[in-house]
Amino acid sequence: MTPDTPLPPQYDPTGLEAELYGQWERRGLFEPASDHTSRPAALPPARPYVIMMPPPNVTAQLHMGHGLNNSIQDVLVRFERMRGRDVLWLPGTDHAGIATQNVVEKILAKQGKTRFDLGREEFERRIRAHVQETGTAILQQLRAIGSSCDWHRTYFTLDDDLSRAVREVFVALFDKGLIYRGKYIINWCPRCLTALSNEEVEKTETNGKLWHFRYPLDGGGHIAIATTRPETILGDSAVAVHPDDPRYQQLIGRRVRLPLADRLIPVVADSAVDPAFGTGVVKVTPAHDPLDFEIGKRHQLAQLDVMTDDARMNDSVPERFRGLDRYVARKMIIAEFEGLGLLEKTEEHHNAVGHCYRCDTVVEPRLSDQWFVKMKPLADPALKAYQDGRIRFIPEHRGAEYAQWMQNIRDWCISRQLWWGHRIPVWYCDNSACGKVSASRNDLDHCPACNGAVRQDEDVLDTWFSSQLVPFSSLGWPDQTDDLARFYPGSTLVTAPEILFFWVARMIMSGLEFMQEVPFTTVYLHGTVRDTKHRKMSKSMGNGIDPLDVVRLYGADALRYTVVSGLSVSTDLILDPADLEASFSPGRNFANKLWNVGRFILSNLGGPVRPLAGPHHNVIASAELSLADRWIIARCEDTVREATAAFERFRLNDAALAVHRFLWSDLADWYVEIIKPRLHGDQPGGDVARAVVTQTFDVALRLLHPVMPFITETLWRRLPGRGEAQSISISPWPASDPRAANPESLRRFGLLQELVGAIRSIRAEYGVEPGHTVRATVVTLGEVAKTALMHERSLVCRLAKLSSLDVTTRSSEAPEDAATAVLSDGSAVTVPLGDLVDKNKECARLKSEADRLTAAIRAQEGKLGNDQFVTKAPAAVVAQERKKLAAWRDQLGVLAEKRQRLGCPA
RNA sequence: GGGCGAAUAGCUCAGCGGUUCAGAGCGCCUGCCUUACACGCAGGAUGUCGGGGGUUCGAAUCCCUCUUCGCCCACCA
């Protein structure tokens, strides 16, 4: 669409948005280059504004969560760009180890194959091919919603550069003694066949059972234990009681015969046992429970692993259990205990069971050799950064969560038994006499100690190990690049609270460790997108909304407006997947309204617009300005201040709504209506009106641009003196100009609006035909108000459809039989009844209304006179019915009074 | 089991530490195709601001308590 094409009456974003985005991108407007001559002078501080996109999974499709997150980021980015900051918004994708591997394994499964059939190299190749195919989709989709990222700096966490950073970090931490390998209880996903970090386990409250079993004591008698996981009984290597528990003193040191397994195990005393839980006796299974593991260590107990990788019973258990799934084994074990008369009782018990965050399988605590990062030394500075105020959270209370996690941090299990990811850069010497373990930045082909053969660790690193580095790895670190110097640290991080610990906290820790500075100063955690039942939107639940559908049907601007105006700090965004119209039509309607105000203004400019005086882009009060002119300028100024402050405080909804109110309620509904005659030459002041409307509209477009970039760009370019060569996205942010503020005009015009509204109200109440004019008299409280109103008499007459307007300070001059309304300044407006109603028709109408009411009152009286109703119905209902009756009686009184005043026949 | 947040019109939410704060959008009702817009214009109805108690001249707004939702954390087997 060229600037000369006439604008159609309905805004249609189709095609237009993509075209504009292409132009912006081609012109490099989203790059932080400083050579845009048209870029406004930077406001202090001149530090670049850097925002780091939470990297979506490389194979992900855009969903509403992305839509929300990126809309917010883009609003902030565009706002700061217009304010003259050197802006970098760095986009990227995450290789998402487990998730991506799962996707490709699923595809393989359809062909009846597993990754083991293909072998590691071939499998990796397949994943790469898959990523290649789908990998750019999501970044392309981000363009569709207008995200103004710098696509030249796009990163992928498995890129060579970023992989180099990963090795650097691993080796540095290893050398510092902060990375170690060891055999501990870790969370194992029996479906993904890998270890998980604590954060990757989602605890869900489940209604389970607590079984009480009897273990026979060696030498007679028995002892009762309680467990939620009978299948691990076969791995028990002791029974523990609290050392001070008087009930069990004599048992300590004795032995019990473990049923089914038929082994003798000791009764030990350990203060980790809670005497109040269950029977006060706990079975100790060091290989399958973290607490038992600790107890086992203290008492040198055997660690007996009874399960396979995929959570079936292994060969260390009696033959009849071997190969059974853990839950089948559980049932069988319970049944056998029962058969032996050793099941004492079964209690209902609810506890939190861990699930894999990728596949939702119940996680098995399991003894395993894994790599860990010692977190305490990294967490302490990160906690301090928050306590010192170097990092702030929005909303603030999220900071407490962060602090709590940092204070109770546990070591991070970073090895994953996957094939898709950064392979752990550790080589083991095959020479058993040497056995050196080397972490290395470069691949090793021989042992640095003994020169013998080496083999690399088979495992890969947790995806988040690389994600945590992107604030600097994406800028070229470990090299000291110009980008790194210029853009680290960043400014704001915008993300969902779900990944506060996965990602945000770890970025802060690694940033402090390797860059000696926090990676960003503000963490804005926004809400979650939910459906009308407040369930989180997700593809698997089938309650998702595809943002691209919304873009197609309503436009990206409508999507962004909906999201931004509907989300306040610390609340969730509720959308109805079954009714897109309800959710997104307000945004579309606003875009269309804007479009039509724009069309109207543009088509009435009639040539070059005379610029008004003033250094800023706001127009300044001058003698030629009418009350309405001064009012809209003052409202515009208020809106500039309000929107700017709101954006600065992350209150994007407030900003959006402020501009919405200005454009729709003030500019369109009042100001444009008021200046129509002036524009059409019926009244003087046309030039002034054109100048004022153009400049206030220009300001409003710029204020709205961060939220609705496409439509504002389209309209803005058509304003006088502009063209395709210019872009609103790099136009200066509207400056506040104190001279434009005008409380007196706001007050006066407010009264005028009230007056017009009051007269319209009266007209509507009496059902006056739209084309019919009436007379009105305003009684003001003083001469000042009278004079002021006299100035605006013709305006009020037009807006309220009056044939005449008298203004007086004497109430005696108001008509006797009249409808009256009192305004907030104490003045009163009256309209003679004779103008409002046709006497005969009105009398008839009042009569019939009164008759209807009388009948209703009789019926109601009957109802309330009925004892059955009064005694049987709920008190609230009776009260309500009584209230109704009273209201009708009052109404009847009012009607009677009206009839009397009109002089209707009785 | 700890910690935190929320409860305001039928729906989604504002109301930013007391005194034009009882609001917006959607929905609903009435009337209008008024030469920018029916994705619109004008007018209108609706809430003892979750329950109870307290502080105060005055509270949706501050304090206490209860109820109901939601989130985070947690090795009670």
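All values below come from the heavy atoms of this structure, side chains included, with hydrogens, waters and symmetry mates left out. Every chain is numbered from 1, with letters handed out A, B, ... down the list of sequences.
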Taking [M] as the reference, what is the distance to [N] when you measure between their [atom1] atoms (whole Å, please)?
{"N": "B:C62", "M": "B:C16", "atom1": "C1'", "answer": "16 Å"}
{"N": "B:A45", "M": "B:A24", "atom1": "P", "answer": "12 Å"}
{"N": "B:G50", "M": "B:A9", "atom1": "P", "answer": "8 Å"}
{"N": "B:A22", "M": "B:U48", "atom1": "C1'", "answer": "12 Å"}
{"N": "B:G47", "M": "B:C73", "atom1": "C1'", "answer": "38 Å"}
{"N": "B:C33", "M": "B:C41", "atom1": "C1'", "answer": "10 Å"}
{"N": "B:C72", "M": "B:C64", "atom1": "C1'", "answer": "26 Å"}
{"N": "B:C21", "M": "B:G58", "atom1": "C1'", "answer": "14 Å"}

Q: Applying salt bridge (Lys or Arg N to Asp or Glu O under 4.0 Å), name anything that partners A:Arg635, two or more places apart in sequence or on another chain.
A: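 Result, salt bridge (Lys or Arg N to Asp or Glu O under 4.0 Å) vs A:Arg635: A:Asp638, A:Asp666.
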
In whole Å, I'd like the distance from the [atom1] atom of [X] to the [atom2] atom of [N].
{"X": "A:Phe293", "N": "B:A77", "atom1": "CZ", "atom2": "C1'", "result": "17 Å"}
{"X": "A:Lys203", "N": "B:C71", "atom1": "NZ", "atom2": "P", "result": "16 Å"}
{"X": "A:Ile223", "N": "B:A77", "atom1": "CD1", "atom2": "P", "result": "19 Å"}
{"X": "A:Lys283", "N": "B:A77", "atom1": "NZ", "atom2": "P", "result": "12 Å"}
{"X": "A:Ile185", "N": "B:C75", "atom1": "CD1", "atom2": "C1'", "result": "11 Å"}
{"X": "A:Ile186", "N": "B:C75", "atom1": "CD1", "atom2": "C1'", "result": "15 Å"}
{"X": "A:His350", "N": "B:C76", "atom1": "NE2", "atom2": "P", "result": "13 Å"}
{"X": "A:Asn351", "N": "B:G1", "atom1": "CG", "atom2": "P", "result": "14 Å"}

Provide a list of protein-nucleic acid N or O atom pairs under 3.5 angstrom, restricted to nucleotides 30-38 of chain B.
unit_1	atom_1	unit_2	atom_2	d
B:A36	OP1	A:Lys676	NZ	3.4
B:A36	O2'	A:Asn596	OD1	2.5
B:A36	O2'	A:Arg599	NH1	2.8
B:A36	N7	A:Lys676	NZ	3.4
B:A36	N6	A:Ala668	O	3.3
B:A36	N6	A:Glu673	OE2	3.0
B:A36	N3	A:Asn596	O	3.2
B:A36	N3	A:Val597	N	3.4
B:C37	O4'	A:Asn596	OD1	3.1
B:C37	O4'	A:Asn596	ND2	3.4
B:C37	O2'	A:Asn592	ND2	3.3
B:C37	O2	A:Lys593	NZ	3.0
B:C37	N3	A:Lys593	NZ	2.8

**Q.** A:Phe372 and A:Tyr184 aromatic ring geometry - parallel, tilted or perpendicular at 30°/60° bounds
**A.**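 Rings of A:Tyr184 and A:Phe372: perpendicular, over 60°.
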
**Q.** A:Arg326 bridged to A:Glu364 by N-O distance under 4.0 Å
**A.**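 A:Glu364 and A:Arg326: salt-bridged.
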
Q | Electrostatic pair A:Arg398-A:Glu396, nearest N-O below 4.0 angstrom | A | no

What's [X] touching, base or sugar-phosphate or nothing? Going by heavy atoms closer than 4.0 Å.
{"X": "A:Arg649", "answer": "base"}
{"X": "A:His349", "answer": "sugar-phosphate"}
{"X": "A:Arg410", "answer": "sugar-phosphate"}
{"X": "A:Val284", "answer": "nothing"}
{"X": "A:Ala240", "answer": "nothing"}
{"X": "A:Phe501", "answer": "sugar-phosphate"}

Q: Quick one, give me the B/S/- string for nucleotides 2-13 of chain B, reading 5' to 3', where B means a protein heavy atom under 4.0 Å from the base and S means that only happens at the primed atoms, P, OP1 or OP2.
A: B-S-------SS

Q: Determine, for nucleotides 19-27 of chain B in 5'-to-3' order, which nucleotides have protein heavy atoms under 4.0 Å from the base (write B), from only the sugar-phosphate (write S), or from neither (write -).
A: ---------

Q: Please report the C-alpha distance between A:Leu704 and A:Leu594 in whole Å, then the side-chain angles of each, then the deciding distance to 0.1 Å, and finally whether the side chain to side chain contact (heavy atoms under 4.5 Å, CB included) criterion is met.
A: CA-CA 10 Å; A:Leu704 191 59; A:Leu594 185 55; 3.5 Å; yes

(Q) Please determine whether salt bridge (Lys or Arg N to Asp or Glu O under 4.0 Å) holds for the pair A:Glu498 and A:Lys536, giving the CA-CA distance in whole Å, both sets of side-chain angles, and the decisive distance to 0.1 Å. (A) CA-CA 12 Å; A:Glu498 289 102 275; A:Lys536 199 171 157 178; 3.2 Å; yes

Residue matched to [N] through Watson-Crick or wobble contacts both under 3.5 angstrom:
{"N": "B:C62", "result": "B:G54"}
{"N": "B:A9", "result": "none"}
{"N": "B:G70", "result": "B:C4"}
{"N": "B:G18", "result": "none"}
{"N": "B:U30", "result": "B:A42"}

Under-3.5 Å N/O pairs linking protein and nucleotides 43-46 of chain B:
unit_1	atom_1	unit_2	atom_2	d
B:G43	O3'	A:Ser761	OG	2.9
B:G44	OP1	A:Ser761	OG	2.7

(Q) Please tell me whether A:Phe650 and A:His526 form a close aromatic pair, meaning their ring centres lie under 6.0 Å apart. (A) no

Q) Are A:His349 and A:Phe277 close enough that their ring centres sit under 6.0 Å apart? A) yes

Within 45° cone of [Y] ring axis and under 6.0 Å: [X] NZ or CZ:
{"X": "A:Arg330", "Y": "A:Trp211", "answer": "no"}
{"X": "A:Arg760", "Y": "A:Trp670", "answer": "yes"}
{"X": "A:Lys676", "Y": "A:Phe600", "answer": "yes"}

Q | Working for side chain to side chain contact (heavy atoms under 4.5 Å, CB included), residues A:Tyr386 and A:Met406 | A | CA-CA 10 Å; A:Tyr386 164 68; A:Met406 281 295 176; over 6 Å; no

(Q) Show, in sequence, the C-alpha distance, side-chain angles and deciding distance for A:Ile545 and A:Phe584, and conclude whether the side chain to side chain contact (heavy atoms under 4.5 Å, CB included) test is met. (A) CA-CA 11 Å; A:Ile545 294 177; A:Phe584 298 101; 4.3 Å; yes

Q: Answer whether the closest heavy-atom distance between the side chains of A:Ile675 and A:Arg690 falls below 4.5 Å.
A: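 Of all side-chain heavy-atom pairs linking A:Arg690 with A:Ile675, none is under 4.5 Å.
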
(Q) Please determine whether side chain to side chain contact (heavy atoms under 4.5 Å, CB included) holds for the pair A:Arg298 and A:Val268, giving the CA-CA distance in whole Å, both sets of side-chain angles, and the decisive distance to 0.1 Å. (A) CA-CA 10 Å; A:Arg298 285 194 282 272; A:Val268 300; over 6 Å; no

Q: Only counting residues at least two apart or in another chain, list the ones meeting ring pair (Phe, Tyr, Trp, His ring centres under 6.0 Å) with A:Phe502.
A: A:Tyr357, A:Trp464

